[in-house]
Student: 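Provided herewith is a single structure, encoded as structure tokens, for subsequent inquiry.
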There are 2 protein chains.
Amino acid sequence: MPVNVLAPGDLVRDGNDMPGHLARRFQQIAVAVFLTEVGDAGYDLTPVQYAALVAIKSNPSIDQVRLAGLIAYDRSTITGVIDRLVQKDLVARSSSSRDRRARELTITEEGERTLRGITPAVEAAQRIMLRGLTDEEGAELMRILRKAIAAGNELSRAPLRNTALDQRRQG
Amino acid sequence: MPVNVLAPGDLVRDGNDMPGHLARRFQQIAVAVFLTEVGDAGYDLTPVQYAALVAIKSNPSIDQVRLAGLIAYDRSTITGVIDRLVQKDLVARSSSSRDRRARELTITEEGERTLRGITPAVEAAQRIMLRGLTDEEGAELMRILRKAIAAGNELSRAPLRNTALDQRRQG
DNA sequence: TACTGATATTCAGTATACTGAGCAATATTA
DNA sequence: TAATATTGCTCAGTATACTGAATATCAGTA
């Protein structure tokens with residue numbers, strides 16, 4: 001049972017002090033901060049779209065399944081994300097010649113420009129969502145989150161998969 | 001492998017090693033673990049529905065806006081959450097006599113039974129999402145998350161609001 | 001080659017989240 | 001009291017996430 005010190009008259013019991021609830025709340029704030037900073041900078045891009053764009057830039061001609069693995073997205077979710085990036089002309093999608101099931105993704109010139117321009121806002125957002133923490137606390141938060149995520153990676157439908165070191169073919 | 005030490009200006013170096021991405025990923029795992037544990041225990045309840053049910057039990061006859069504030073939900077999202085709890089007969093919703101705009105929420109007998117029965121699974125889920133961490137790391141993660149969330153509370157559309165200490169009338 | 005299994009993508013359905021707008025009721029104030 | 005502001009709730013539209021299933025294609029084997 002969590003030791004929960006609350007102000008007198010506080011109606012909130014322990015429902016708000018569980019890891020799962022804190023995770024949800026921090027994520028909620030992180031998304032809001034990202035959208036505010038990026039929007040104020042004149043860009044219309046969600047955190048998910050941004051992460052996808054970065055990964056596509058770093059991995060030209062990647063297919064959707066491998067992209068999903070790189071950033072831990074669900075395979076059925078990524079379709080819509082790519083749809084929106086293509087619609088904004090930030091990403092080009094074409095059928096692969098080697099495997100006609102696959103769709104190859106490439107960043108466009110406009111996508112490159114967007115990534116360059118948006119970087120300061122993204123950096124600002126990361127700082128703002130850690131505001132209130134000391135530098136040590138921010139680093140410790142990230143360290144512990146990385147560790148918890150590594151331990152729980154396989155527990156979600158969309159685990160992180162390192163394409164380059166993908167072991168499926170070697171068993 | 002990701003760099004372990006991040007300088008303040010290094011937050012965008014790796015798309016997967018930013019606070020926002022770690023937040024999203026941890027939340028993703030937390031939800032998956034919750035649904036698995038609760039589902040295996042024979043219950044059909046989401047993390048959000050569970051938190052709402054706990055808050056309604058602790059605050060009988062609460063209205064939807066105040067409930068939303070207690071658990072940091074968006075007021076336009078909570079309508080659907082309550083719809084589902086009412087449909088499952090875990091919560092009763094009725095119009096308030098004091099304020100005909102408001103809807104009073106009360107937990108049902110079935111809701112009480114569900115809360116009692118589901119508790120072990122919820123506790124197991126919280127432990128599982130922290131697996132891989134030492135007890136000290138788990139406690140430190142929660143402490144830092146609480147601090148970051150407190151500092152960023154007003155940055156999302158659905159901030160936490162303590163109904164009992166609500167200052168709006170006195171401000 | 002025919003069969004079987006795996007893979008890449010998409011889709012329908014469900015459940016958060018948020019934006020912005022609207023309606024109804026209450027509270028405030030000129 | 002009349003006008004105005006605020007509040008409680010809902011809805012339409014958009015964007016993640018996930019489940020489960022369908023479709024098309026590819027790979028390996030009998």
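Letters go in sequence order (proteins before strands), and every chain restarts at 1.
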Student: Compare every heavy atom of B:Arg24 with every heavy atom of A:Ile71, then report the nearest pair and how far apart it is.
Tutor: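 Minimum heavy-atom contact is O-NH1, 3.5 Å.
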Student: C:dG13 C1' sits how many Å from A:Asp74 CG, rounded?
Tutor: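 So the CG-C1' distance, A:Asp74 to C:dG13, works out to 14 Å.
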Student: Between P on C:dA12 and CZ on A:Arg75, what's the gap in Å once rounded to a whole number?
Tutor: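 About 20 Å, once rounded to whole Å.
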Student: Between C1' on C:dA8 and OH on A:Tyr73, what's the gap in Å once rounded to a whole number?
Tutor: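 It is 19 Å, rounded to the nearest whole Å.
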Student: Starting at atom CZ of B:Arg157, determine the distance to atom P of C:dT16, rounded to an integer number of angstrom.
Tutor: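 About 16 Å, once rounded to whole Å.
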Student: What is the distance, rounded to the nearest whole Å, between atom CG of B:Leu67 and atom P of D:dG8?
Tutor: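 About 13 Å, once rounded to whole Å.
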Student: Between atom CZ in B:Arg161 and atom P in D:dG8, what is the gap in whole Å?
Tutor: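 After rounding, the reported distance stands at 12 Å.
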Student: Could you pick out which residue, B:Gln27 or A:Arg101, lies toward the 5' side of DNA chain C when each is mapped onto its nearest nucleotide?
Tutor: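 Whichever sits nearer the 5' end wins; that is A:Arg101.
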Student: Among B:Asp83, B:Asp63, B:Thr106, exactly one meets side-chain hydrogen bond (donor to acceptor under 3.5 Å, both in side chains) together with B:Arg93. Which residue is that?
Tutor: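 Result: among B:Asp83, B:Asp63, B:Thr106, B:Asp83 is the only option passing the side-chain hydrogen bond (donor to acceptor under 3.5 Å, both in side chains) with B:Arg93.
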Student: In whole Å, I'd like the distance from the CG atom of A:Leu85 to the P atom of D:dT16.
Tutor: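 Answer to the nearest Å: 8 Å.
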Student: Taking the nucleotide of DNA chain C with the closest heavy atom to each, which residue, A:Arg24 or B:Asp99, is nearer the 5' end?
Tutor: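 Whichever sits nearer the 5' end wins; that is A:Arg24.
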Student: Give me the residues of residues 42-52 of chain B where at least one heavy atom lies under 4.0 Å from an atom of DNA chain C, by number, or none.
Tutor: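 Those residues are B:Thr46, B:Val48, B:Gln49.
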Student: Calculate the interatomic distance between B:Asp83 atom CG and C:dA17 atom P; express it in whole Å.
Tutor: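 Roughly 16 Å, once rounded to whole Å.
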Student: State which residues pass ring pair (Phe, Tyr, Trp, His ring centres under 6.0 Å) with A:Tyr73; sequence neighbours excluded, sorted by chain then number.
Tutor: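 Residues passing ring pair (Phe, Tyr, Trp, His ring centres under 6.0 Å) with A:Tyr73: none at all.
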